[in-house]
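As the structure is a prediction and not an experimental result, all values here were calculated from the model. Note: hydrogens, waters and symmetry copies are ignored here, and every other heavy atom, side chains too, is used.
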Amino acid sequence: MEKDRIITALAGAKWLSDIPELGNRIPANCILNKSVTGCGATELALRNDVPTIIAVPTQNLVNNKASQHVEDVIGVLEGVPNEAIKTYAQSHSPIKIITTYDSVPRVTQTLLDCDIDVYNEVFLFVDEYHLLFNAYSYRHEAIQSLLDTASRFKRVTYVSATPIERQYIMRELQNLPMLTVRFQNVEPTKIRFRQTNRPQNLIVKLCRNAIGNHVNYNLHFFVNSVDFIARVIKNAKLTPDDVKVVCSTSGEAKYKNQVKIGRGYPIAQPLDPVKKINFYTSTAFEGCDIFDPVGKTYIVSDGRRAHTLIDISTLFIQICGRIRDSIYKYDITHIFSTTRYKTEISFEEFESATLQRLKEAETLVKEFKNMSLTSRKMLLKDLFLNDKYIRVVNDELVVDRNMANIDIVNFKLSRLIYASDERIAQEHQKNHLDIIVSTYTELPSEKLEDNANAKLAFKDLFDEYHKIELERMETMYSFGMFRQAVLTNSNPLVKKAYDILGYDKVVALKYNQTAIKREIAKHIGQDKENIILSSLNEMFPQYTAIPSNRLKQGLQKIYDDLGIQLTAKATDLQRWYTLKRCYRSFNGKNVQCYILVRENMVSSES
């Protein structure tokens with residue numbers, strides 16, 4: 001592997017095209033850390049004389065860039081036919097195609113059908129590559145297809161102003177050298193710190209003030225929740241003339257999002273004319289150009305809605321550069337509330353336990369490969385894998401190291417960084433950001449966070465759980481698992497019904513819990529290990545000290561329910577979890593406890 005290296009731009013240079021060492025080219029076969037947003041990397045790839053496919057994360061970004069180069073560039077989305085790509089390729093030189101990550105394999109094959117030696121003659125520019133990591137857990141097949149296609153290109157580069165930390169970089173990219181470009185005299189970004197228990201209420205007030213007092217600037221809110229935006233619009237009584245909303249329009253998301261914000265509020269594109277109030281979801285967090293000379297940026301992280309948490313080392317810095325020409329470009333307001341998630345597991349302990357689980361997964365896969373073909377097929381029939389670090393691919397077990405890294409980074413973000421305002425401040429400062437201290441219908445999970453004993457209808461709990469699952473498919477950032485945990489703790493049947501029966505079946509049963517339980521009993525079969533693990537997950541939280549007596553009683557109840565003739569011991573749980581023994585004071589007594597660090601890998605035959 002080549003060594004990582006750094007290029008320092010000359011004083012006064014603002015664009016990659018200003019750096020003589022690059023020769024008006026994007027360096028090939030590396031991870032390009034451009035260090036700052038808005039330095040013209042995508043523009044250079046679009047304007048130079050190199051045949052290039054530019055892969056970007058969202059449809060909005062395709063439209064945003066293609067609309068600025070109508071004569072020379074073709075934007076390829078799902079509705080663009082292969083014939084249009086062929087016609088363009090045969091009439092343009094050099095070819096400049098910008099498309100989404102998902103469409104790269106199709107574009108590549110279409111060019112091959114035109115007798116273009118794509119892999120040797122065309123440069124692949126993968127923009128905002130850190131999003132491959134962020135979306136990998138729930139868009140694995142699409143991203144793996146892109147990575148497999150990219151590996152065939154003679155010249156490919158992965159580009160970001162906010163690359164993933166080297167130790168967590170995707171396995172497929174680990175052997176690529178990182179080329180870092182450092183610009184001199186970059187103006188520091190100032191962050192106005194606005195902590196509040198109710199970010200939504202504060203934003204409603206800001207909107208009302210902007211409209212009522214006719215302030216001489218426009219407000220641009222970056223928040224990854226269409227529901228959040230819709231409630232602000234309603235509570236602030238904003239009219240369609242007051243507000244612009246940019247959110248996902250891909251697939252079913254367009255219809256669903258339009259219903260949420262209201263028919264009278266058309267979903268806009270980033271380059272559409274700005275209004276006094278402007279909202280953007282994750283579809284516009286990276287790469288998109290927004291122009292507003294008097295636009296102020298507000299980044300919203302609501303600790304009560306984990307999917308709105310912004311990774312300060314990557315996404316936060318990306319958002320800071322979206323409004324290209326504002327006089328307030330380097331003056332950003334971060335409106336946030338902290339999470340309520342407490343943990344007795346340190347980051348180091350979680351990382352160590354995760355790496356140990358990964359090591360065990362690698363051992364299992366190695367042993368599996370040494371078996372005969374007949375034995376492997378028999379084992380795959382009966383094997384129940386609860387370990388997401390192993391995938392079954394073409395009747396083979398494959399270790400997925402990327403998933404382990406994703407777990408580690410997500411734990412750090414949701415359980416550590418947003419746990420307190422002090423930690424958020426530290427993360428800002430670590431990323432060279434200067435800090436300036438500066439009623440709506442609640443979701444069922446929010447009501448339960450305020451009052452864990454609140455009595456809520458099963459239908460409401462189940463519908464929110466389903467909604468979170470849909471969000472995971474529609475957005476590039478999803479930490480809804482913590483909201484789902486709150487719902488499941490209130491009624492364990494919610495998760496069990498969703499996992500075993502699915503949404504449509506539960507609706508068909510009219511959310512009747514008795515009917516649902518009967519239907520589940522028909523589906524369970526003989527896999528008691530799976531049932532025990534699922535029941536334990538519903539009964540006990542991870543990362544928290546739990547008295548051993550309580551663990552024993554809970555496990556005994558599960559044994560009794562399943563007709564297992566065993567006497568439960570707290571230490572039995574080491575079959576399903578990595579345990580950490582500790583002592584805590586309860587009612588003045590020092591009590592032995594165990595912390596469930598993470599799940600073990602078990603099979604139905606073990």
Side-chain angles (χ1 to χ4, degrees), residues 339-361 363-364 384-390 403-404 407-408 410-412 414-416 419 448-449 452-453 481-482 484-492 495-496 499 527-604 606:
T339 65
R340 298 184 177 189
Y341 309 122
K342 304 300 181 184
T343 177
E344 296 192 51
I345 297 293
S346 70
F347 173 72
E348 291 75 18
E349 287 176 313
F350 183 83
E351 182 178 45
S352 175
T354 299
L355 294 177
Q356 177 61 31
R357 179 61 50 239
L358 182 63
K359 187 176 179 181
E360 292 172 7
T363 299
L364 185 146
F384 158 64
L385 288 173
N386 70 300
D387 198 306
K388 58 185 172 182
Y389 304 156
I390 298 179
M403 287 301 300
D407 275 354
I408 292 169
N410 283 348
F411 181 93
K412 179 180 179 183
S414 58
R415 297 278 176 162
L416 299 182
L448 289 167
E449 286 178 335
N453 296 317
M481 65 187 85
F482 303 112
Q484 288 178 322
V486 172
L487 298 169
T488 302
N489 285 340
S490 176
N491 189 336
K495 183 179 187 303
K496 186 177 290 185
D499 290 347
D527 193 352
K528 291 184 178 179
E529 293 291 342
N530 192 359
I531 300 169
I532 293 172
L533 180 61
S534 177
S535 300
L536 288 170
N537 282 335
E538 293 167 2
M539 192 175 290
F540 301 119
Q542 293 185 34
Y543 323 133
T544 302
I546 305 169
S548 58
N549 193 47
R550 183 182 159 204
L551 291 170
K552 182 174 67 174
Q553 291 172 354
L555 183 57
Q556 187 64 59
K557 183 179 186 307
I558 295 171
Y559 283 169
D560 293 343
D561 289 345
L562 294 175
I564 298 173
Q565 301 299 314
L566 291 175
T567 301
K569 303 186 295 293
T571 52
D572 288 354
L573 273 80
Q574 63 190 357
R575 174 175 174 77
W576 298 279
Y577 298 94
T578 299
L579 300 180
K580 176 184 176 182
R581 188 168 65 175
C582 60
Y583 289 85
R584 295 289 184 272
S585 177
F586 290 95
N587 299 322
K589 294 182 179 179
N590 202 29
V591 177
Q592 178 177 277
C593 301
Y594 288 94
I595 297 173
L596 311 183
V597 177
R598 62 175 304 117
E599 295 175 12
N600 288 335
M601 180 169 53
V602 297
S603 76
S604 56
S606 59

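Taking CD of Q553 as the start and CZ of R550 as the end, the distance is 9.5 Å to the nearest 0.5 Å. Atoms CD and CG, from E538 and N491 in turn, are 9.0 Å apart once rounded to the nearest 0.5 Å. Between the CD1 atom in I532 and the CD1 atom in I558 there is a gap of 7.0 Å [rounded to 0.5 Å]. One finds the CG atom of L573 at 5.0 Å from the CG atom of L536 (value rounded to the nearest 0.5 Å).
Contact between P541 and I546 at its shortest, heavy atoms only, is O-CD1, 3.6 Å. The shortest non-hydrogen separation linking K580 to V597 is CB-CG2, 3.9 Å. Closest heavy-atom contact between R584 and A545: CG-CB, 3.8 Å. Of all heavy-atom pairs between F540 and G554, the closest is CZ-CA, 3.9 Å. Nearest approach of S585 to N590, heavy atoms of both residues: N-OD1, 4.4 Å. Pairing each heavy atom of Q592 with each of R581, the nearest pair is OE1-CD, 3.6 Å.
The closest donor-acceptor contact from the side chain of Q556 to the backbone of L566 lies under 3.5 Å. The backbone N or O of V486 lies less than 3.5 Å from no partner atom in the side chain of S490, so there is not a single donor-acceptor pair. D572 places a side-chain N or O within 3.5 Å of a backbone atom of K569 that can act as its donor or acceptor partner.
Salt-bridge annotation for K557 and D560: absent, with no side-chain N of the basic residue lying under 4.0 Å from a carboxylate O of the acidic one.
Counting heavy atoms from C-beta outward, R598 and D407 have side chains that approach closer than 4.5 Å. Using a 4.5 Å heavy-atom cutoff, the side chains of Y577 and N537 are in contact. Within the 4.5 Å cutoff, side-chain heavy atoms of Y594 are placed close to those of T571. Residues W576 and L555 form a side-chain contact, since some pair of their non-hydrogen atoms from C-beta on lies under 4.5 Å apart. Looking at heavy atoms from C-beta onward, E599 lies in side-chain contact with L533 at the 4.5 angstrom threshold. Inter-residue side-chain proximity for L596 and L579 is flagged as met; some heavy-atom pair is nearer than 4.5 Å. Side-chain contact between C582 and I595 is present, with heavy atoms from C-beta onward closer than 4.5 Å.
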